[in-house]
Structures are given as structure tokens and as C-alpha cells.
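Down below is the structure, laid out as C-alpha cells.
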Amino acid sequence: MILVWLIVIPAAGGLLSWLTQRVSPAWPKYVAFTAMAADLIVAACLAAFRPGATEFMVPWIPQFGIDFYLACDGLSLVLVLLTAFLGLMAVASAWTEIRDRTGFFYFNLLLTLSGITGVFLALDLFLFYFFWEVMLIPMYFIIALWGHENRVYASYKFFLFTQASGLLMFVAILALYFLHGQNTGHYTFNYTQLLGTRLSPAAAMLIMLGFLIAFAVKLPSIPFHSWLPDAHTEAPTAGSVILAGLLLKTGAYGILRFVLPLFATAVHHFAPVAMALGVASILYGALQAFGQRDLKRMIAYTSVSHMGFVLLGAFAWNRLALYGVVMQILCHGISTGALFILVGGLQERLHTRDIDLMGGLWAAMPRMGGAMMLFAMASLGLPGLGNFIGEFLVLLGVFEVSPVLAVLASLGFITACVYSVWIVQRTIQGPNAQEWKSPDLCGRETAVMAAMSVLILWLGLYPRPVFTAVAPYVENLRAPVVVSQALRGESP
Amino acid sequence: MTPAGLLALLPLICLGAAAVLVMLLVAVRRTYTGAAVLTLVGLGAAFLTLPFTAGANPHRLFLLMLNGYTAFYAGLLVLAAAASVLMSFSYMSNYLQNREEFFILLLLATLGATVLAASDHFATFFLGFELLSVSLYSLIAYPYMTQGHIEAAIKYLVPASVSSAFLLFGMALIYAWSGQMEISRIGFQLRSIQSHAGHQWMIAGLSMIVVAIGFKLALAPFHLWAPDVYQGAPAPVTAFIATVSKGAVVALLLRLFTPADIQTGATLFYVFSLMAAVSMIAGNLLALLQNNVKRILAYSSIAHLGYILVAFLAGGARAIDAVTFYLVTYFIATLGSFGVISALSSPGREMEDLADYRGFSRRNPWLTGVFTVMVLSLAGLPLTAGFIGKFYLALAGVGAALWTLVIILVLTSTIGLYYYLRILVALFVAAPEGLRPEPPFSYSNTFLLALLTFLLFWLGVMPTPIIALIRTMVR
């Protein structure tokens with residue numbers, strides 16, 4: 001039941017904050033903040049008191065074998081914690097930015113968070129698709145209504161890309177449902193029962209691609225990434241935080257939870273292509289980031305680059321790489337979320353995102369400068385901060401499988417250095433040519449940054465709790481590979 | 001006739017009697033509210049007597065088929081008609097000429113639709129078809145003093161008459177070859193159609209009937225009337241055309257072709273596949289070019305009927321379930337959308353331009369909310385009924401391995417999202433205040449829209465009861 005609360009609390013909080021707007025426009029943010037704080041507490045309780053897997057299942061549409069089936073293992077748990085945490089940060093970051101229709105804004109924000117939590121918990125494929133779509137519409141509204149200059153175009157693009165790929169996944173889910181039903185005579189969307197479905201190689205490959213394309217659009221990976229820079233740039237700060245910090249992670253989660261376990265053999269055949277795409281994303285995203293003047297757009301492209309590691313690591317499919325992928329998911333969520341909050345703060349103060357107009361801001365805003373420095377360093381993979389562990393483990397894992405790809409991917413460390421140092425150099429250091437004088441981070445912003453800094457440092461210095469939590473998932477996942485390799489007469 | 005037979009016919013009798021009673025009432029004293037209430041009472045009585053139809057014994061009576069299937073569809077049609085009456089009540093309230101006869105025509109059209117849904121014979125088929133069409137001509141042209149309505153009525157009249165002629169000719173050809181006029185038997189004869197000599201007459205006759213059906217459902221390539229008529233008709237009548245008129249024909253389509261097992265008969269299968277594909281593609285693409293909400297919804301309904309055909313082509317019990325469920329969700333969302341439009345319109349002052357809706361969210365958040373969820377349901381997004389409906393259609397399509405059609409469905413409905421989003425964007429963008437005066441508060445509209453919104457979410461979240469109901473009644 002606690003799992004249902006995790007989904008219900010944000011949704012109900014959102015509704016409540018919409019309703020309280022009638023009382024006073026100031027109320028919605030407090031309601032939203034309280035709801036997300038409660039959600040975080042519930043998630044923390046789950047982590048503290050129920051360390052094992054938790055389940056909740058009631059029949060939903062029994063005619064089609066659809067259950068309301070939620071389950072939380074270590075992988076889901078860390079992602080749910082990330083959702084609740086970043087959700088709280090996003091609410092706090094929207095505090096002063098959103099002045100128009102605040103109630104409706106927080107309603108959409110919290111509904112998105114509710115959908116994302118659902119995605120991380122659902123183990124019924126229909127329910128998963130349901131939540132997958134639920135998080136889409138409110139996100140669309142957030143971009144389209146509260147976004148920046150080019151918001152309508154960006155919101156269309158975001159919606160059409162994700163919806164088209166989502167429908168493709170939907171058809172793949174249905175195909176899997178019917179093939180499983182025809183094999184066993186038992187029609188169900190239950191993930192645990194679908195796990196062992198026997199598929200012909202061709203069918204497995206097609207269905208796997210249906211899933212993978214949906215997740216690759218969300219991730220995003222080349223060549224499905226073009227919605228991302230627009231959406232991230234045009235979204236309001238809280239929207240960008242949710243997009244980069246959580247929405248992208250649903251794609252990564254989908255690959256880990258569904259693509260790998262359900263289609264082990266097909267994944268193995270497809271791995272070279274997917275890993276090449278991952279490497280291409282790493283390098284292409286970085287190259288694109290070099291060329292941007294818009295700070296938000298630049299950070300958006302670095303996301304493409306960082307998420308390339310996720311695709312690469314997931315398809316490398318060994319212990320090290322998978323641990324690395326989970327770390328990368330968490331740390332990229334926090335570090336990029338923090339960077340978007342900082343850029344949002346800059347835009348609120350300077351009314352521009354143009355990197356060429358900035359410079360020398362450290363003198364005016366030392367706390368902002370410090371935070372910017374820290375998260376830029378996290379982004380470049382400085383040892384001691386979480387991202388290093390993620391990317392390093394992925395590279396170690398990939399090296400076992402393909403040294404060439406590992407070498408190419410490690411170029412990503414260099415490119416990351418370039419753009420991260422650029423961000424620092426061109427915004428907070430150098431001469432203050434425009435003579436900006438702005439107030440430093442206020443107490444609320446400082447608290448947000450402090451919380452995120454502590455977390456990224458903790459993940460960098462002591463990541464073991466995360467590894468312990470996801471260990472059952474990773475260790476179980478290795479089994480089918482060994483089997484499939486044995487089937488094909490290869491040594492594991 | 002036995003008393004049991006009379007009981008089973010009660011819904012049809014109620015509809016007919018209500019039309020007569022409203023006419024008598026109008027002859028005695030013109031009272032607008034009275035006529036509307038009497039109409040609703042008649043529809044309500046017809047709905048409440050449906051259990052008799054569902055449990056009728058014998059099933060076949062006066063060339064009608066009376067069973068659970070008929071009862072379910074008749075109930076759907078009667079409820080949709082009641083929704084149109086509620087919409088019309090506020091829509092027509094400021095109309096200066098005679099208003100009461102509008103309800104008589106609505107009742108007659110509903111009677112025609114119900115007969116069509118119940119028909120088991122070419123005679124009742126044609127009777128229902130014509131009763132529906134003729135009532136609709138006058139309904140479309142009802143506010144004849146204002147521009148556009150007469151034009152729309154003529155645009156409906158000409159193709160409708162032509163399609164009636166096609167229908168008659170097709171019936172004649174089939175009768176000439178098979179000596180049959182009973183729909184269920186013809187359906188069974190179709191199964192063995194390829195093995196008989198002279199079956200081309202049967203194919204020719206059926207094709208003509210398909211043309212007539214395609215016209216009524218506005219399936220491409222017989223869809224050309226739809227946008228103009230949707231635009232020109234009064235909004236409640238548009239809602240009626242989009243739901244009741246199409247729903248009745250879908251009921252007949254299923255009754256005629258389900259026993260025929262068209263999966264196996266190649267010719268018909270390809271004809272319907274082609275119509276489905278072209279409808280989905282044309283409907284969704286052409287809707288992109290429109291700037292008139294009613295025209296957008298017209299093209300969207302062309303596409304929706306194309307989606308329905310995909311499930312219809314799956315064949316068997318699953319097709320009936322899926323089509324019926326989808327029809328329910330389509331009814332709710334379509335009635336809701338046109339309910340909002342007609343709440344804002346009156347004869348001669350239709351609020352139909354996309355530009356009229358700019359910034360509407362600030363002027364009327366409640367109607368905006370309703371319109372938004374209705375549009376989201378038409379787009380098939382979750383939490384709304386349309387999501388489960390789309391799922392059901394895709395399930396039927398994939399289950400029958402209609403891969404090409406399902407892929408077209410998926411791709412075109414993605415394209416379709418674009419114009420639904422255009423409506424939403426228009427609703428929510430900032431716009432200058434006070435473009436139009438606020439509509440006066442109306443209890444009937446508020447009740448209707450609240451009910452439809454509730455149903456939309458209920459079906460979207462808890463579809464189990466209605467699926468169970470459809471399975472028990474329709475099969």
C-alpha cells in the first residue's frame with residue numbers, strides 16, 4: 001500500500017494546490033512543497049524500513065489480464081527516491097519564477113512526478129504504458145504554458161516525438177501480450193509472467209526494437225535526440241529539472257527493466273549497434289555543446305552526451321557497467337538538475353541565457369559561483385563526485401566487452417572537461433563585461449544547492465548504499481546473458 | 001402480436017409516442033420548456049424499457065431483431081439523443097422563431113436511428129435510414145433564417161439521397177441473386193459467396209450498400225460532405241450527426257458483416273481495409289489544415305471511424321466488443337466537445353473559429369477544462385476513456401494480426417495529436433479579454449458536461465464494469 005501512497009501523494013497534492021489557488025495565489029507552492037516533502041518522507045521510510053522488495057497488486061481490468069501491479073526492488077527504490085528528491089527541488093526552484101496560474105502549474109508538475117513514480121514502480125506492462133503516457137500531458141502543458149520564447153514549437157516537438165515512440169512501444173507490448181498468450185494460453189500483461197516468453201528471433205528483435213526506440217527517444221540517443229535541446233531550453237526551470245533529472249531516466253529505467261530482461265538474446269545481437277549509438281551520442285552531444293551560446297541549450301546537449309554512457313553501459317551488460325549505469329542515472333539527475341536550477345536563477349536575475357553576455361559573476365554572486373563550479377566539476381567527472389563513479393564504472397565494464405568502444409567513449413571525459421570548464425570560465429570567471437550586479441543566492445536557493453551538493457558528494461565518496469540496493473537487480477540480470485551465450489556456444 | 005412482443009417493442013413505441021405527444025402539446029400550447037421536458041421523458045421512458053427488449057422472446061419481430069445487442073445500441077443512441085436535447089435546450093433558447101418542433105424532429109431522427117440499429121430486414125433498414133436522413137435534413141436547416149444552415153442542409157441532402165439510391169439498388173441486386181432480404185441470413189450467405197456462381201451480383205449489391213454505409217459514416221472516400229455539414233449545422237445537430245447517426249449505422253454494419261466473417265472473403269476485406277486506411281490518413285491529414293473547430297472535429301471523426309473499422313476488420317466477438325466500447329468512448333468525447341461548443345453558441349452565432357477560443361482558459365476555466373479532457377480523450381491519452389478505447393482497438397487489431405492497419409492507426413493518430421494540441425494551445429494562450437460575451441449559466445449544459453466528464457474519467461480509470469456489460473449484452 002505504501003507504493004500506492006507514493007503515487008497518490010503527488011497527484012493529490014497537485015490537485016489540492018490547484019484548488020487552493022482560489023484561496024490565494026500564494027498557497028499552491030506551499031501545498032506542493034508539503035506534498036513533495038511528504039512523498040520524500042514516505043520514500044525514505046520505504047528505503048529505511050522495507051529494504052527488500054515490496055509489492056502491491058489488485059486486479060484492474062481482469063478481462064484483459066491487466067493488474068494494478070506495483071513493485072519496488074532496489075532499482076525502483078533508488079529512482080523513486082531520486083524522483084521525490086528532485087521533485088522537491090523542482091518545486092523549490094519554481095518558487096519565484098512562476099507567477100502566473102501557479103495552481104495549475106504545480107498541478108501539472110506534481111502530476112508529472114506522480115506519473116514518473118508510477119513508471120518506476122509499475123510491473124504490469126499496461127500500467128507501465130499508462131503511467132508513461134500520464135507523465136506526458138502535464139509536461140507538455142508545463143513547456144507550452146510557462147516556457148520561454150519558442151515554447152509552442154518546443155512543446156509540439158516534445159509531445160509528438162514521445163507520443164509517436166510511445167505508441168510504437170504500445171504496439172510492441174500488445175505483440176508480446178499476444179505471443180505470450182498464444183504460447184501459454186494465458187493472456188496477461190504481468191511483467192513477471194511475461195519474462196520467460198519464448199519468441200522467435202525475428203519477433204524478439206522487432207518487439208525489442210519497439211521498446212528500445214521508445215526508450216531511446218526518452219533517453220535520448222542519436223538519432224532520436226532532436227526534441228531534447230528545444231524542450232529543455234524552452235521549459236521553465238522546474239520543467240527542465242524534471243525533464244533532465246527524471247524524464248530522461250525513465251528511458252534508462254525502461255532499458256534496464258524491460259529491454260534487457262525480456263529480450264536477452266535480441267539484446268545481445270543488437271548490442272554492437274546500440275553501443276555504437278551510445279558512443280556516437282557521447283561524442284555528438286559534446287560537440288554540439290561546444291557550439292552553443294544559450295547556456296540552457298548547452299547543458300541540454302551535455303545531457304545527450306552523458307546519457308550516451310547509459311546506453312553504452314546497459315548494452316555492454318556486465319556487472320561493472322550496470323552498476324555504473326545506475327550511478328550515472330542518479331548522479332546525472334542530480335548534477336544536471338542542479339545546473340538547470342542555477343541557470344534558471346541566472347535567467348531570473350540577468351534575463352538572459354546568452355553565455356557571451358555573462359562573465360565575472362563570481363564577484364557579484366559568490367555562492368552561485370561556488371555551486372556552479374561544483375556541479376560543473378561533477379559534470380566533467382571529477383573524482384570524489386558521483387558522476388565520476390558512474391562513468392568510470394561504465395568504461396571499465398565496456399572495456400571488458402569492447403576496448404575500442406571504451407577508448408572512444410573515454411574521449412567523452414575530455415570533451416566533458418572542455419565544456420564544463422567553459423561553463424565555469426565564461427559565466428562565473430573572467431571579466432564582468434556587462435557589469436552585472438545581482439543579488440546572490442537567497443536562503444531558499446542556498447538550501448536547495450546545499451542539499452544537492454551534499455548528495456552528489458555523498459554519492460561520490462560513499463556510493464555503497466546504492467550498490468547494495470541495486471545488487472539483487474544487477475546480479476539477477478546477469479543470468480540470462482550467461483544462458484544466451486551458452487546457447488550460442490560462446491564462453492561467457 | 002403477443003403482449004411479450006409489445007413489451008419488447010416498448011422503447012420504439014415510446015419514441016414514436018413521444019414525438020406524437022410533443023406535436024400535440026405544441027398544437028395545444030407552445031411551451032418550449034414543456035416540449036423539451038416531454039422529449040426527455042420520452043427518451044427516458046424508451047431507455048427504461050430497454051430491459052424488455054434485451055430479454056425479448058422471440059427475438060425476431062416485425063422485421064426487427066430484438067436482443068441484448070439491439071438494446072445496448074438503442075440505449076447508447078437514446079442517451080446520446082438525450083444529450084443532444086440538453087445541448088439544444090440552451091442553444092435554441094434565444095431563437096426567435098418556433099423552437100418546439102426541433103424536439104419533434106430530434107425524436108423522429110432518434111426513432112429512425114433506433115430502428116436502423118434494430119433492423120433485421122432490408123425494409124426496416126431502409127425505413128430507419130430514410131427516417132434518420134429526412135429528419136436530419138430539416139434539423140440541419142432548422143434555423144433557416146441564418147446563413148449557412150440551408151447550404152449545409154442541401155450539402156447533406158444531395159449525397160444522402162444519392163446514397164439512398166445506391167442502397168436501394170444494392171438491396172435489389174442482392175435480392176435478385178439470393179432471394180433474401182433478411183440481414184442475418186444474408187450475412188451467413190456471404191460466407192460461402194466465393195463458391196457460388198453469379199456471386200458478382202452479390203458483390204456488386206454489397207458494394208452499393210457499402211457505399212451508402214460509407215456515406216453515413218463519412219468514411220473516405222465518401223467523406224466529402226462531412227466538414228461542410230458539421231460546420232453548417234447547428235452545434236447540437238452536429239453532435240447528433242457525429243454520434244447517433246453514425247452509431248446506428250455502425251450497429252447495422254456489425255450485424256450485417258459479423259456473420260459474414262469477412263476476414264475470409266478477400267474482396268470485402270480489402271474494400272474495408274482500404275476505406276479504413278484512407279479514412280485514417282485523409283481524416284488526420286486534412287484536419288491539420290483547418291482553422292475551424294467544427295471542421296477539425298469533422299475530420300477527426302472521419303479518422304475515428306477509420307480506427308473503428310480496424311477493429312471491425314479483426315472479426316468475431318472481439319471485434320464487436322472493441323468496436324462497441326470504442327463507440328461508447330467516442331460518443332462521450334464527441335458529445336462533450338460539441339456540448340462545449342453549443343454551450344457557447346446560439347443559432348447564427350456559432351463559436352467555431354479556432355481564433356475565438358484563444359485565451360479561453362482565462363475567461364472560462366470550467367468549460368476549458370471540460371473541452372481539454374474531451375480533446376485529450378479523442379486523442380486517446382490516459383486517464384480518459386479514449387485511452388482504453390484506443391487500447392481496445394489496437395488489441396483487436398494486433399490480435400487479428402492486422403499489422404499494416406495497426407501501424408497506420410498508430411502513425412496517423414500521432415499526426416492527429418497535432419491538431420488536438422492546436423486546439424489546446426489556442427485554449428491556453430494569452431489573448432485579449434472580452435472577445436465575446438460570456439454564455440449565460442445553464443443548468444442543462446452544466447449537468448450534461450459534468451456527467452460526461454465524470455463518465456470520461458470513470459471509463460478511463462475503471463472500465464471493467466462497462467466492458468463486462470458490453471460482453472454480456474452485445475455477444
Please tabulate, for the side chains in residues 158-172 of chain A, all donor-acceptor contacts under 3.5 angstrom to protein atoms that are two or more places apart in sequence or on a different chain.
{"unit_1": "T162(A)", "atom_1": "OG1", "unit_2": "F158(A)", "atom_2": "O", "d": "2.5"}
{"unit_1": "T162(A)", "atom_1": "OG1", "unit_2": "F159(A)", "atom_2": "O", "d": "3.2"}
{"unit_1": "Q163(A)", "atom_1": "NE2", "unit_2": "E133(A)", "atom_2": "OE1", "d": "3.1"}
{"unit_1": "S165(A)", "atom_1": "OG", "unit_2": "F161(A)", "atom_2": "O", "d": "3.1"}
{"unit_1": "S165(A)", "atom_1": "OG", "unit_2": "T162(A)", "atom_2": "O", "d": "3.0"}

Atom pairs and distances, side-chain donor-acceptor, residues 371-383 of chain B, under 3.5 Å, sequence neighbours left out:
{"unit_1": "T372(B)", "atom_1": "OG1", "unit_2": "T368(B)", "atom_2": "O", "d": "2.6"}
{"unit_1": "S377(B)", "atom_1": "OG", "unit_2": "G386(B)", "atom_2": "N", "d": "3.0"}

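For K29(A), the salt bridge (Lys or Arg N to Asp or Glu O under 4.0 Å) criterion is met by no residue, not counting sequence neighbours.
Nearest heavy-atom pair across F64(A) and R471(B) is CE2-NH2, 3.7 Å. In plain terms, the two heavy atoms of A468(B) and Q63(A) that are nearest each other are N-NE2, 3.3 Å.
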Problem - Verdict with reasoning, I388(B) to F130(A), per side chain to side chain contact (heavy atoms under 4.5 Å, CB included) - result: CA-CA 10 Å; I388(B) 309 282; F130(A) 177 86; 5.8 Å; no

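Contact annotation for W132(A): neither backbone nor side-chain heavy atoms come within less than 4.5 Å of a heavy atom of chain B. Residue contact with chain A, scored on non-hydrogen atoms closer than 4.5 Å, is absent for L409(B). Using a 4.5 Å cut-off between heavy atoms, I61(A) touches chain B through backbone and side chain atoms alike. With a 4.5 Å cut-off on non-hydrogen atoms, V398(B) touches chain A through its backbone and its side chain both.
Of the listed residues I173(A), I66(A), D100(A), the one with more heavy-atom pairs under 4.5 angstrom with chain B than any other is D100(A). Among Y418(B), F391(B), F387(B), the residue with the largest count of heavy-atom pairs under 4.5 Å with chain A is F391(B).
Identified by a heavy-atom distance below 4.5 Å to chain A, the contributing residues of residues 451-465 of chain B are G460(B), V461(B), M462(B), P463(B), T464(B), in residue-number order.
Contact of the L417(B) side chain with the Y140(A) side chain is not registered, since no non-hydrogen atoms from C-beta on lie closer than 4.5 Å. No side-chain heavy atom of L174(A) sits under 4.5 Å from any side-chain heavy atom of V406(B).
Remark: L395(B) CG to Y177(A) OH distance equals 5.5 Å, nearest 0.5 Å.
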